[in-house]
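Counting convention: from 1, in listed order, for ligands and their atoms alike. Every heavy atom of this structure was used, including side-chain atoms; hydrogens, water molecules and symmetry mates were not.
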Amino acid sequence: MNDKENDSLPVSALQHFIFCPRQCTLIHIEQEWSENVLTARGRLEHDRADSGYREFRRGKRQISGLYIQSEKLKIHGRIDVLELEEINPKGQSNLPSFHLKGTWRVYPVEFKHGQPKENDCDRVQLCAQVLCIEEMLGVEIKQASLFYRRIRRREDVLINQELKDLTRNAIKNLHALFQNRTTPPPINDKRCRACSLKDICMPKRMSVKSVKYRQSLFQPQEPL
Ligand code: SF4
């Protein structure tokens, strides 16, 4: 692995970071992982998306499991499904790397097991994928979508400047977290209920108060 690849962070870490910075550190820095029913279902459901299938229908292409990266933002990952829709067969070719003639609309789709969340973690993860694809293919993507399996519904996500700024800031903070290598204290709120790492994390016992106490044990004290 060269230095460039070493610096690059997985897009999945960004989703964990927005959900809970401590979860992100435990999984991606401390290499802890524990599966619960929700993560097992999510993993099985991603198998088809990761299998690299390609579907060609008239005027439409679907490619799954495509590797994506951004050299500018130093992130990488895989997109569940990239949909390409022909919008002008006689137009200028905008996807020469796919050997396609004409102009195509590029539309990323990310599959999620559950249902839409109150926080921005899924939208930010999707936007990070969009930023990678825009950089790789030299196209502009105005809309993408999240498909929630539990409710079997596709939620369209507008890729506007506000979401892009939010995502770029989150990526910067994620890189800072990885450089810092300090595990943040637990959030200890309702997010912990469904978290597969709660037995490892111990959000109640490791509350901010007890983390501060533990940290104080390693700080220089006044001589007796
Ligand atoms: S149990 Fe709570 S604090 Fe701990 S990693 Fe999971 S979400 Fe974060």
Side-chain angles (χ1 to χ4, degrees), residues 6-47 49-50 73-80 110-129 131 144 146-151 153 155 157 162-163 165-219:
N6 263 332
D7 285 350
S8 178
L9 299 177
V11 173
S12 60
L14 189 63
Q15 199 240 14
H16 294 135
F17 176 67
I18 305 286
F19 178 73
C20 167
R22 180 171 171 84
Q23 190 199 60
C24 176
T25 315
L26 290 173
I27 295 173
H28 298 276
I29 297 179
E30 298 194 20
Q31 310 283 309
E32 295 280 6
W33 178 249
S34 173
E35 198 150 68
N36 65 9
V37 177
L38 296 178
T39 58
R41 267 194 217 142
R43 186 174 47 74
L44 292 172
E45 285 168 1
H46 265 89
D47 281 357
D50 284 344
L73 299 169
K74 294 188 169 54
I75 50 169
H76 65 272
R78 281 190 192 277
I79 176 84
D80 281 344
E110 174 70 10
F111 286 76
K112 294 286 168 200
H113 161 67
Q115 50 193 348
K117 301 177 183 70
E118 287 168 17
N119 61 53
D120 282 322
C121 62
D122 291 346
R123 282 185 292 277
V124 166
Q125 182 190 15
L126 183 67
C127 184
Q129 292 168 336
L131 293 171
L146 294 161
F147 184 86
Y148 290 96
R149 291 185 199 259
R150 191 183 296 173
I151 55 169
R153 201 180 76 208
E155 187 183 85
V157 178
E162 193 188 345
L163 182 58
D165 290 345
L166 193 72
T167 305
R168 287 196 180 99
N169 278 340
I171 293 168
K172 258 190 221 158
N173 292 339
L174 180 69
H175 277 285
L177 181 79
F178 270 68
Q179 271 159 21
N180 236 333
R181 302 191 90 75
T182 306
T183 306
I187 48 173
N188 193 21
D189 67 14
K190 63 181 181 183
R191 283 169 282 182
C192 301
R193 274 184 237 142
C195 176
S196 68
L197 293 182
K198 62 174 180 266
D199 290 341
I200 297 165
C201 164
M202 296 187 286
K204 278 191 188 139
R205 270 201 240 161
M206 299 288 286
S207 67
V208 175
K209 216 169 146 196
S210 58
V211 168
K212 277 193 181 148
Y213 167 71
R214 251 182 297 276
Q215 283 170 347
S216 74
L217 297 177
F218 299 95
Q219 267 158 26

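Of the possible polar contacts, one joining the Arg22 side chain to the Pro184 backbone as a donor-acceptor pair under 3.5 Å is found.
You'll find the side chain of Lys74 stays beyond 4.5 Å of the side chain of Leu9, heavy atoms only.
One distance of note links CD of Gln115 with NZ of Lys117; it measures 9.0 Å at 0.5 Å rounding. If you take CG on Asn169 and CG on Leu174, they are separated by 12.5 Å, rounding to the nearest 0.5 Å. Atom CG of residue Leu197 and atom SG of residue Cys192 lie 10.5 Å apart, to the nearest 0.5 angstrom. Annotation: the span from Cys127 atom SG to Glu162 atom CD amounts to 11.0 Å, rounded to 0.5 Å.
The nearest protein atom to atom 4 (Fe) of ligand 1, hydrogens excluded, is given as Cys201 SG, 2.3 Å; this is a heavy-atom distance. Regarding atom 6 (Fe) of ligand 1, its nearest protein heavy-atom neighbour is Cys195 SG, 2.4 Å. Protein heavy atom closest to atom 3 (S) of ligand 1, with residue, atom name and distance, is Ile187 N, 3.3 Å.
For atom 1 (S) of ligand 1, the candidate residues are Arg193, Lys198, Arg191; the nearest heavy-atom contact is made by Lys198.
Under 2.8 Å from atom 8 (Fe) of ligand 1 lies an N/O/S atom of Cys20, whether from backbone or side chain. In summary, Cys192 places an N/O/S atom under 2.8 Å from atom 2 (Fe) of ligand 1, meeting the contact criterion.
Which parts of ligand 1 touch Gln23 is read off a 4.0 Å heavy-atom cut-off, strictly below it: atoms 5 (S).
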